[in-house]
Amino acid sequence: MTTNENNFQAIISHAKEYGFVFQSSEIYDGLSAVYDYGPYGSELKKNIKDYWWRSMTQFHENIVGIDAAIFMHPTTWKASGHVDNFSDPMIDNKDSNKRYRVDHLIEGYAEELTAQGKEKESEELITEMDRLLAAEDFTALKKLLEQHKISCAVSGTCNWTDIRQFNLMFSTQVGSVTEESDTIYLRPETAQGIFVNFLNVQKTARMKIPFGIAQIGKAFRNEIVARQFIFRMREFEQMEMQFFIRPGTQAQWFEYWKKTRLDWHLSLGIPADKYRYHNHVKLAHYADAALDIEYEFPFGFKEVEGIHSRTDFDLKSHQAYSGKKMQYFDNEINQNYIPYVIETSIGLDRMFLLIMSHAYEEETITKEDGSTDSRSVLHFPALLAPVKLAVLPLTKKDGLPEIARDLMNDCKTAFRCFYEEKDAIGKRYRRQDAIGTPFCVTIDHQTKEDQTVTIRYRDSMKQERVPLDKVKQLVQQAVA
RNA sequence: GCGGCAAUAGUUCAGUUGGUAGAACAUUAGCUUCCCAAGCUAAGGGUCAAGGGUUCGAAUCCCUUUUGCCGCUCCA
C-alpha cells in the first residue's frame with residue numbers, strides 16, 4: 001500500500017474511533033454505502049453547512065434559500081430527464097463478464113445489417129426493439145438478441161444473463177393517490193425542488209434577475225458501485241445553488257461562479273495546489289458547459305463540486321410538462337424569457353471528507369530532551385471545528401474547577417465548549433487534538449492571584465498567558 | 001456487476017499441526033496535583049462478521065451470505 005492509502009485507512013479508523021463517522025446499522029453487519037455521523041461528525045457537518053449557507057445567502061443579497069421536500073410529483077422526474085436517462089436495461093455476457101446496454105447492442109447490430117445492404121431487416125429490428133423497450137418486455141428482448149445471434153465483442157459468445165433494469169432512482173409508494181402515480185421517487189438531486197419553486201420564490205421574495213436560490217438537502221441514488229468510504233454513498237447531502245440569468249449571459253456567469261466557488265474553498269485555508277478544475281468534454285443532456293472542482297483526496301483527484309451551465313433546459317421542460325409559464329419579465333430590456341441557469345452543486349459529505357483528509361495528521365514531535373513523541377491531530381479551520389474551546393482546571397482541588405465552570409458557563413452560550421478535569425494536563429491536550437479543538441484553556445493556581453489563564457494552541461502547541469476575561473472574546477474572534 | 005485482498009475488543013494487531021481468546025493503545029473508577037500522552041491500582045469490553053458443513057472438538061478446514069478496501073466497469 002502507498003502512503004496515501006495508508007493515510008486513508010488511518011482517517012477512516014480515526015473517524016470511527018473519535019465519533020465522527022459510523023457505518024449505518026453496524027450491529028447488523030452494516031448497510032452497504034450508507035453511513036451515520038457521530039457526535040463530533042454531526043457538529044463538523046453542521047458547521048460546514050452553516051459556513052456554506054452563510055457564504056451563499058447572507059453574503060449575496062440576491063440569493064435566497066429554500067428547503068424543498070424529498071418527495072416530489074412523479075412528473076418532475078420525467079421533465080428533468082431522469083426517468084429516461086437514469087434507467088437503462090443492461091445485460092452481462094457470462095463469458096467475458098462485460099456489461100452492455102441492451103439498446104446499444106441491438107442498435108450496433110442494426111447498423112451492421114444496414115452496412116450489408118439489409119436495410120429493411122435493420123429497420124424492422126429497431127422498430128421491434130423500440131416496441132419491446134416501451135413495453136418493458138425484457139424476456140422478449142432477450143429472445144430478440146438470441147434470434148439474431150447478437151454476440152459479445154469480447155468473448156464472441158451469446159451466453160447472456162437475463163436483462164435487468166438499472167434504475168438509479170429509489171422508489172417508494174404513496175397511498176391515497178391514483179393508481180398510476182402511487183409510485184414516487186426519492187429525489188436523485190435537489191435541483192428540481194428549486195426549479196419547480198422558481199416562480200414562487202421569484203414572486204414572494206420579489207427577486208430580480210440575476211438571482212439565485214440555494215438549498216441544502218438529502219438526495220438518493222441507487223449506485224451500482226458505491227465505495228471509498230463516504231465519498232460515494234447511496235444517501236447523501238447536497239448544497240446547491242441555482243443562479244437564474246438572462247439568456248446569453250451564461251458564459252460570463254459561469255466564469256464568475258467558477259472563480260467564486262473556488263475562492264470559497266480557498267477561504268478555508270486549504271492550499272490551492274490541492275485543487276484543480278476539470279472541464280467536461282462530454283456534456284449532460286441539460287448542459288452547455290460544465291466543470292468540476294476537484295480536490296486531491298488520499299485516493300487521487302476527485303470531484304467535490306460541480307459548476308454547470310444548465311441553459312433553460314429545466315424550466316423549459318417543466319413549462320412543457322406542467323403547462324405553467326416559467327418565464328420572467330425583464331424590465332430592463334422589456335422582454336419575457338425563460339431564464340438560463342448556472343448551477344453550483346457541492347457534495348456535503350465529500351466536503352466533510354475533504355476537510356477530514358486535509359486536517360488529519362499523525363505528527364511526530366521532538367521534545368526538549370531530544371526524544372520523539374507523536375500525536376494524532378485534526379487541523380480543522382477553527383470555524384469548522386466541532387469543539388472550539390476546552391476548559392481544563394489544572395487540578396480538581398483548590399477551587400480551580402469552580403473558576404473553570406464559571407468560564408465554561410460564560411462561553412458555552414457563544415460557542416461549543418468542552419470541560420474536563422480528569423487525567424494529566426498533557427493527556428487532555430492530546431485528546432482535544434484528536435477531535436480538532438483549536439483552543440485549550442488551563443486554569444491554574446496563578447489564575448486565583450492574577451486572573452490570567454494559559455491558552456494553548458492546537459497547531460503550534462504554543463502556550464501563552466491571557467487574562468481570564470479575554471478568553472471568550474479571543475476564541476469568538478478566531479471562530480467567526 | 002466482475003476480479004483481487006480482507007474481516008478477531010473502541011483502534012492497531014497476535015493467535016502454533018484444529019483443543020473453549022491475547023497484547024498494546026484507548027475507555028471507566030480510584031490514586032497521583034503534575035503545564036504537553038504512554039506513573040500506580042483496579043475494572044469493563046469479543047457468539048472471533050453471519051449462517052451452514054466436516055470433526056469427539058473450529059477463530060483456525062470447506063461452502064454460502066454480508067461488509068470493507070483496491071483494480072476494471074459505471075457516474076444522467
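Every chain is numbered from 1 and lettered A, B, ... according to where its sequence line falls, protein lines coming before strand lines.
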(request) Once you apply the 3.5 Å cut-off to both distances, tell me the Watson-Crick or G-U wobble partner of B:rG18, or none. (result) none

(request) Would you check if there is a donor-acceptor pair between the side chains of A:T190 and A:Q238 at a distance under 3.5 Å? (result) yes

(message) Applying a 4.0 Å non-hydrogen cut-off, can you work out what A:S32 is touching in the nucleic acid: base, sugar-phosphate, or nothing?
(response) sugar-phosphate

(message) Over all strands shown, is A:Q228 touching base, sugar-phosphate only, or nothing at heavy-atom distances under 4.0 angstrom?
(response) sugar-phosphate

(message) Can you tell me whether the side chain of A:R375 and the base of B:rC36 have a donor-acceptor pair closer than 3.5 Å?
(response) no

(request) Send over the distance from A:R227 CZ to B:rC75 P, rounded to a whole Å. (result) 15 Å

(request) Please measure how far the P atom in B:rU8 lies from the corresponding atom in B:rA50, and state the result in whole Å. (result) 10 Å

(request) Nearest-nucleotide wise, let me know which of A:M461 and A:Y35 is further upstream toward the 5' end of RNA chain B. (result) A:M461

(request) Using atom CZ of A:R350 as one end and atom C1' of B:rC75 as the other, report the distance to the nearest whole Å. (result) 9 Å

(message) I'd like to know if A:R221 reaches the base of B:rC75 with its side chain, counting only an N/O donor and acceptor under 3.5 Å.
(response) no

(request) Take the angle between the ring planes of A:Y457 and A:F439 and call it parallel below 30°, perpendicular above 60°, tilted in between. (result) perpendicular

(request) Can you tell me the distance, in whole Å, between the CZ atom of A:R234 and the C1' atom of B:rG1? (result) 12 Å

(message) Can you confirm whether A:D67 is buried at CG, in the sense that more than 12 heavy atoms of other residues, nucleotides or ligands lie under 6.0 Å from that atom?
(response) no

(message) Applying the Watson-Crick and G-U wobble criteria at under 3.5 Å, what pairs with B:rC36? Answer none if nothing qualifies.
(response) none

(request) Please work out if A:F229 contacts a base, only the sugar-phosphate, or nothing of the nucleic acid, heavy-atom cut-off 4.0 Å. (result) sugar-phosphate

(request) Could you tell me whether the phosphate oxygens of B:rU11, OP1 or OP2, come under 4.0 Å of any side-chain nitrogen or oxygen in A:S13? (result) no

(request) Send over the distance from A:R428 CZ to B:rA38 P, rounded to a whole Å. (result) 12 Å

(message) Is it the case that the side chains of A:Y429 and A:T442 hold a donor-acceptor pair, with the cut-off being a distance below 3.5 Å and no angle test?
(response) yes

(request) Please work out whether the ring planes of A:F299 and A:F231 are parallel, tilted or perpendicular, with thresholds of 30° and 60°. (result) perpendicular

(message) Going by purine N1 to pyrimidine N3 plus the second Watson-Crick contact, or the G-U wobble pair, all under 3.5 Å, which nucleotide sits opposite B:rU64?
(response) B:rA50

(message) At less than 4.0 Å, is any side-chain N or O atom of A:Q23 found next to OP1 or OP2 of B:rG68? Yes or no.
(response) yes

(message) By the definition ring-ring contact (aromatic ring centres under 6.0 Å, His included), identify the one residue from A:F236, A:F352, A:F20 that meets it with A:Y37.
(response) A:F352

(request) Write down the distance between CD1 (A:I425) and C1' (B:rG39), rounded to a whole number of angstrom. (result) 17 Å

(message) Can you check the distance between B:rG18 and B:rC62, where both ends of the measurement are the C1' atom (answer in whole Å)?
(response) 14 Å

(request) Tell me the partner of B:rA9, counting only Watson-Crick (N1-N3 plus N6-O4 or O6-N4) or G-U wobble (N1-O2 and O6-N3) with both under 3.5 Å; none if nothing fits. (result) none

(message) Which is more 5' along RNA chain B, the nucleotide nearest A:I230 or the one nearest A:H14? Just name the residue.
(response) A:H14

(message) Tell me the interatomic distance from A:R232, atom CZ, to B:rC70, atom P, rounded to whole angstroms.
(response) 12 Å

(message) Need the pair for B:rG45. Rule: Watson-Crick or G-U wobble, both distances under 3.5 Å, any strand; none if unpaired.
(response) none

(request) Sticking with atom C1', work out how far B:rG46 lies from B:rU20, rounded to a whole angstrom. (result) 13 Å

(request) In whole angstrom, give me the gap between the P atoms of B:rA59 and B:rG22. (result) 13 Å

(message) Using a 6.0 Å distance limit plus a 45 degree cone around the ring axis, check whether A:K258 lies over the aromatic ring of A:Y277.
(response) yes

(request) For B:rC13 and B:rC74, measure between their P atoms and round to the nearest Å. (result) 33 Å

(message) Distance check, P atoms only: B:rC61 and B:rG19, in whole angstrom units.
(response) 11 Å

(message) For B:rG10 and A:K16 - does any side-chain N or O of the residue sit under 4.0 Å from the phosphate oxygens OP1/OP2?
(response) no

(message) Rounded to whole Å, please give me the gap between CD in A:E305 and P in B:rC75.
(response) 22 Å

(message) Under 3.5 Å, is there a donor on one side chain and an acceptor on the other for A:H379 and A:E361?
(response) yes

(message) Taking B:rA38 as the reference, what is the distance to B:rU27 when you measure between their C1' atoms (whole Å, please)?
(response) 15 Å

(request) Could you run through nucleotides 22-29 of chain B and give me one letter per nucleotide, 5' to 3': B if any protein heavy atom sits under 4.0 Å from the base, S if only the sugar-phosphate is that close, - if neither? (result) ----SSSS

(request) Look at the side chain of A:D29 and the base of B:rA50, then say whether one donor and one acceptor between them are separated by less than 3.5 Å. (result) no

(request) Would you mind classifying the nucleic acid contact of A:A287 as base, sugar-phosphate or nothing, using non-hydrogen atoms under 4.0 angstrom? (result) nothing

(message) In whole Å, measure the gap between the C1' atoms of B:rC48 and B:rA6 for me.
(response) 15 Å

(request) With heavy atoms under 4.0 Å as the rule, sort A:L394 into base, sugar-phosphate or nothing. (result) base

(request) Please check if any side-chain donor atom of A:E305 sits under 3.5 Å from a side-chain acceptor atom of A:H265, or the reverse. (result) yes

(request) Give a yes or no on whether the ring-centroid distance for A:F8 and A:F297 is below 6.0 angstrom. (result) no

(request) Grab the CG-P distance between A:D433 and B:rC36 for me, whole Å please. (result) 13 Å

